[in-house]
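To start, the structure under review is shown below, and the notes come after it.
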Amino acid sequence: MSYWLFKTEPDVYSIDDLKKEKMRITSWEGVRNYQARNFMRDDMKRGDLGFFYHSNCSQPGIVGVVEVVKNGYPDHTSWNSKSKYFDPKSTQENPRWFMVDVKYLRVFEKTITLAELKGNPKIKDFALVKKGSRLSVMPVPSEVWELILKMG
DNA sequence: GCCAACGTTGGC
DNA sequence: GCCAACGTTGGC
């Protein structure tokens with residue numbers, strides 16, 4: 001089993017929004033980056049765990065934990081011309097974009113902030129804390145996962 | 001709101 | 001296939 005990190009802007013979709021969903025599950029739609037797409041399509045498996053990360057906000061950081069409850073499948077919003085995620089080059093026969101379903105597990109009492117993560121020398125090679133990292137879905141090495149949990 | 005870093009697009 | 005231009009991300 002693997003560990004992941006899911007980035008989202010809380011103004012758009014926060015961990016509270018996820019908690020309010022029916023069954024506390026949502027599809028992780030709208031990812032339009034090939035590297036992130038490949039992770040979801042090829043590598044993410046049911047039962048994997050993920051950090052839930054709030055970006056582009058007053059206090060960016062990891063706010064909780066989710067579980068992958070459905071393996072990668074075509075992101076149908078790419079076929080919907082009314083959707084802001086519409087991509088005319090994605091077809092039902094040859095879907096370009098994929099998503100997984102994630103389920104709320106828990107929210108941390110206190111956010112593990114990006115500043116704290118950057119201040120931990122043991123995880124300095126983790127993609128999230130590297131300069132210019134823009135991946136919205138990324139793998140978390142298991143040792144990094146454990147180290148970050150201890151920071152909470 | 002600024003802007004550096006990055007990914008994508010498209011002309012050639 | 002190169003690379004300039006452009007759009008987006010996301011911390012600050």
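Convention: sequence-line order gives letters A, B, ...; per-chain numbering from 1. Just so we're clear, the structure is a prediction, and the values are computed from it rather than from any experiment.
The distance from atom CG of A:Leu135 to atom P of B:dT8 is 10 Å, rounded to the nearest whole Å. Straight-line distance from the CG atom of A:Leu128 to the P atom of C:dT9: 16 Å, rounded to whole Å. Taking atom CG on A:Leu117 and atom P on C:dG10, their separation rounds to 15 Å, with Å as the unit. Note: CD (A:Glu9) to P (C:dG11) measures 9 Å, nearest angstrom. Here C:dC12 presents its P atom at 17 Å from NE2 of A:His54, a figure rounded to the nearest Å. The NZ-C1' distance, from A:Lys130 to C:dG11, rounds to 18 Å in whole Å. When rounded to the nearest whole Å, the span between NZ of A:Lys7 and P of B:dA5 equals 15 Å. When the P atom of B:dA4 is taken as reference, atom CZ of A:Arg134 falls 14 Å away, rounded to whole Å.
A:Asn80 and A:Tyr85 form no side-chain donor-acceptor contact under 3.5 Å, judged by distance and modelled atom types alone.
In this structure, A:Phe86 has its ring center at least 6.0 angstrom away from the ring center of A:Trp79. Between A:Tyr34 and A:Trp97, the ring center distance clears the sub-6.0 Å criterion.
Side-chain N/O atoms of A:Tyr53 include none lying less than 4.0 angstrom from OP1 or OP2 on C:dT9. Phosphate contact (OP1/OP2 of B:dA4, side-chain N/O of A:Lys131, threshold under 4.0 Å): absent.
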Practice prompt. Go through the steps to decide whether A:Arg32 and A:Asp75 satisfy the test salt bridge (Lys or Arg N to Asp or Glu O under 4.0 Å), and finish with yes or no.
Written response: CA-CA 10 Å; A:Arg32 296 293 179 266; A:Asp75 180 346; 2.9 Å; yes
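Side-chain atoms of A:Asn56 lie closest to C:dG11 of the nucleotides C:dG11, B:dT8, B:dA5.
Counting any heavy atom pair closer than 4.0 Å across all strands shown, A:Lys118 reaches sugar-phosphate atoms only and no base atom.
Nearest-nucleotide positions on DNA chain B place A:Gly132 closer to the 5' end than the other of A:Gly132 and A:Arg96.
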